[in-house]
Amino acid sequence: MSTNTDLANIFHTMATILEIKGESGFKVNANTKVARALEDLVEDVSSMEDVTKIPGVGKSSATKIKNYLDTGKMVEFEELRDSIPAGLLDVMRVQGIGPKKVRQFWQEADVTDIESLRAAVDDGRLANLPRMGKKTIENIAQALAFVESSGDRTRLGDAMPIAQEIITFLERVEGVTTITFAGSLRRGKETIGDIDILASTENQEALAQAFCNMDSVSMVQAKGETKCSVRLNSGMQVDLRVVDEGQFGAALLYFTGSKEHNITLREKAITQDKKLNEYGLEPVNISETEEAIYQDLGLPWIPTEIREDRGEFDCKRTPNLITLQNIKSDLHCHTTASDGHMSIEELAMQAIARGYHTIAVTDHSQSQAQANGLKPDRMRMHIDAIRKANASMSEITILAGSEVDILPDGTLDYDDELLALLDIVVASPHAALTQSPDQATQRLLAAIEHPLVHIIGHPTGRIINKRKGLEPDIPTLVAAAAKNNTALEINANSYRLDLRDTHVRAAVNGGSLLAVNTDSHRPDDFNQLRYGIFLVGRGLVIPGKCIKFFIPDALLNSSRPDF
DNA sequence: GCCGTTTTCGGCCCGACTGTTTTCAGTCG
């Protein structure tokens with residue numbers, strides 16, 4: 001909800017300002033922790049009775065939150081904000097400049113924002129400060145140019161192929177024994193800040209050389225014995241860490257993160273008089289595998305997707321997560337009848353090649369004119385064509401469906417008579433995606449409660465890094481979905497990933513059904529399923545709640561699949 | 001500022017790399 005986001009931003013900003021002002025790092029961390037908790041919170045913070053129930057939120061923060069909810073303002077935040085030039089927060093974003101330098105530049109060189117930092121670099125003002133040599137200023141100038149031109153974090157689906165290409169290249173370098181990606185990529189986060197690659201090799205020098213000399217590298221930022229960092233032409237930062245084979249597990253654990261997961265893990269080690277770092281767990285000397293380290297700390301192996309310090313340490317055993325191989329159907333796909341690039345038969349062949357038992361053809365409804373949405377008459381003919389194709393292919397069941405628009409007022413884009421002819425109805429919002437949260441909730445609620453709707457497709461309509469999409473009240477939707485036996489979609493397209501991870505978790509906890517679909521338009525789109533599987537893991541979806549696990553009989557047997 | 005199966009006070013993760021020093025501060029992840 002946007003109140004949660006607004007408050008999270010306020011706490012993040014307070015943390016940064018406190019850092020610049022030289023306050024205790026623990027106080028800074030406490031504020032960051034509150035910000036994170038608010039970001040992850042699915043329910044609307046303004047509807048909560050006691051916010052101190054949120055881990056990390058204590059008395060002091062609770063008072064501030066209440067102050068904001070009651071008055072629309074937070075006195076302490078405004079005082080803090082007014083105590084430094086507003087532009088200093090941007091200066092913190094420059095790589096290599098941390099809180100100490102920001103404060104020094106501000107107080108001793110009149111730097112108040114990015115522009116005045118640029119001026120201070122150019123006119124030599126910074127060179128007069130202590131510990132500011134030629135090289136440091138050069139680095140700041142370069143980082144500054146990058147901040148001035150760079151944009152958002154990279155989407156998971158854009159970063160993964162880059163990482164794989166680099167790994168494919170490096171694993172052929174002489175001496176390399178193991179190489180893999182770690183970091184937020186391994187955790188399947190929806191966006192990636194940088195790519196982390198971990199390797200062990202018998203020839204460190206050769207690997208470092210090969211890495212820093214890749215064609216795609218525009219700048220080498222650091223090159224040490226065990227750590228190299230480069231920036232690619234695309235602007236993406238890639239870090240390479242080299243470790244001994246025998247310490248690969250400890251290193252993998254450490255470099256996969258998240259930072260918050262690691263901190264809690266190390267704290268657990270300390271309470272057992274042990275010490276955990278990227279080289280192993282001491283004094284028991286365990287380092288080869290992640291499993292062994294978790295085990296010695298009295299924990300089950302924790303899947304990478306949930307290593308966010310959001311309650312995963314409460315797991316008594318490793319959760320039985322859904323894998324790519326478990327998925328045996330896709331219930332949201334397009335053909336050339338609307339805006340897809342495959343015929344019904346080609347779609348079916350793709351599904352057969354992946355070992356699916358069922359594929360649903362769900363072309364767009366009439367309102368999607370730009371996507372060649374089908375008017376009722378064409379849809380009726382399309383249903384006939386799908387039935388014919390289904391009869392001619394024994395290896396797979398082809399369902400006649402449609403991705404039907406949920407119109408802004410919550411009604412559907414086809415009348416009930418036509419909807420009743422379909423095996424499966426995926427109802428999705430496509431237009432009016434800037435509605436108020438209340439309108440969005442009512443709109444989606446109407447679709448969830450419609451007796452002929454099976455799945456709500458990409459419920460918020462967001463496009464990562466581009467469009468915020470709807471902001472409905474998720475707990476309300478989840479409760480209604482559970483009650484009406486309507487599944488919520490996990491759209492696996494890496495630009496969508498909708499529902500998002502925290503919403504998926506809320507859906508699982510609220511008992512609603514989920515369906516991970518690729519929304520395929522082209523053959524390659526089926527491969528996006530892997531991003532949906534990451535999301536399924538991050539949401540801890542269990543097999544019984546994922547309709548993609550259902551056997552054919554459960555999906556068919558009537559004009560409405562019996563979920 | 002937050003937290004507690006040792007604690008309501010005293011802790012709060014840990015190491016690599018850089019650039020500047022001549023033993024280390026600052027930044028990053």
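Note on naming: letters A, B, ... go to the chains in the order of the sequence lines (proteins, then strands), and numbering restarts at 1 for each one.
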> Is A:Ser61 near enough to B:dC2 that one of its side-chain N or O atoms lies under 4.0 angstrom from OP1 or OP2?
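Answer is yes, contact under 4.0 Å.
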> Is any side-chain nitrogen or oxygen of A:Asn31 closer than 4.0 Å to OP1 or OP2 of B:dG1?
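Indeed not, no polar side-chain atom of A:Asn31 lies that close.
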> Are A:Glu308 and A:Arg36 within salt-bridge range, i.e. N to O under 4.0 Å?
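Yes.
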> List the atom pairs, with distances to 0.1 Å, where a side-chain N or O of residues 204-219 of chain A and a protein N or O form a donor-acceptor pair under 3.5 Å, not counting sequence neighbours.
unit_1	atom_1	unit_2	atom_2	d
A:Glu205	OE2	A:Gln209	NE2	3.1
A:Gln209	OE1	A:Asn213	ND2	3.0
A:Asn213	ND2	A:Gln209	O	3.2
A:Ser218	OG	A:Arg231	O	3.1
A:Ser218	OG	A:Leu232	O	3.4

> Quick one: sort the A:Phe313 and A:His261 rings into parallel, tilted or perpendicular, breaks at 30° and 60°.
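A:Phe313 vs A:His261 ring planes: parallel.
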> Say you pick atom C1' in B:dT20 and the same atom in B:dC13; how far apart are they, in whole Å?
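About 26 Å, rounded to a whole number of Å.
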> Choose from B:dG1, B:dG15, B:dG26 the nucleotide whose nearest atom is closest to any side-chain atom of A:Lys27.
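Nearest listed nucleotide: B:dG1.
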> In B/S/- notation, 5' to 3', how is nucleotides 4-9 of chain B contacted by protein heavy atoms closer than 4.0 Å?
------
> Sugar-phosphate atoms are those with a prime plus P, OP1 and OP2; base atoms are the rest. Using that split, label each nucleotide of nucleotides 17-25 of chain B B, S or - for protein heavy atoms under 4.0 Å, 5' to 3'.
SSBS---BB
> Given that both distances must come in under 3.5 Å, which nucleotide forms a Watson-Crick or G-U wobble pair with B:dT8?
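Looking at the geometry, B:dT8 pairs with no nucleotide.
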> In terms of side-chain heavy atoms, does A:Gln237 have a donor or acceptor partner in A:Gln95 at a distance below 3.5 Å?
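Note: A:Gln237 and A:Gln95 side chains meet the donor-acceptor criterion.
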> Verify the contact: side-chain N or O of A:Lys268 to OP1 or OP2 of B:dC12, cut-off strictly under 4.0 Å; return yes or no.
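For A:Lys268, the contact criterion (side-chain N or O under 4.0 Å from OP1 or OP2 of B:dC12) is not met.
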> So, is A:Tyr279 near the phosphate of B:dC13, with a side-chain N or O under 4.0 Å from OP1 or OP2?
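Looking at the OP1 and OP2 atoms of B:dC13, neither is under 4.0 Å from any side-chain N or O of A:Tyr279.
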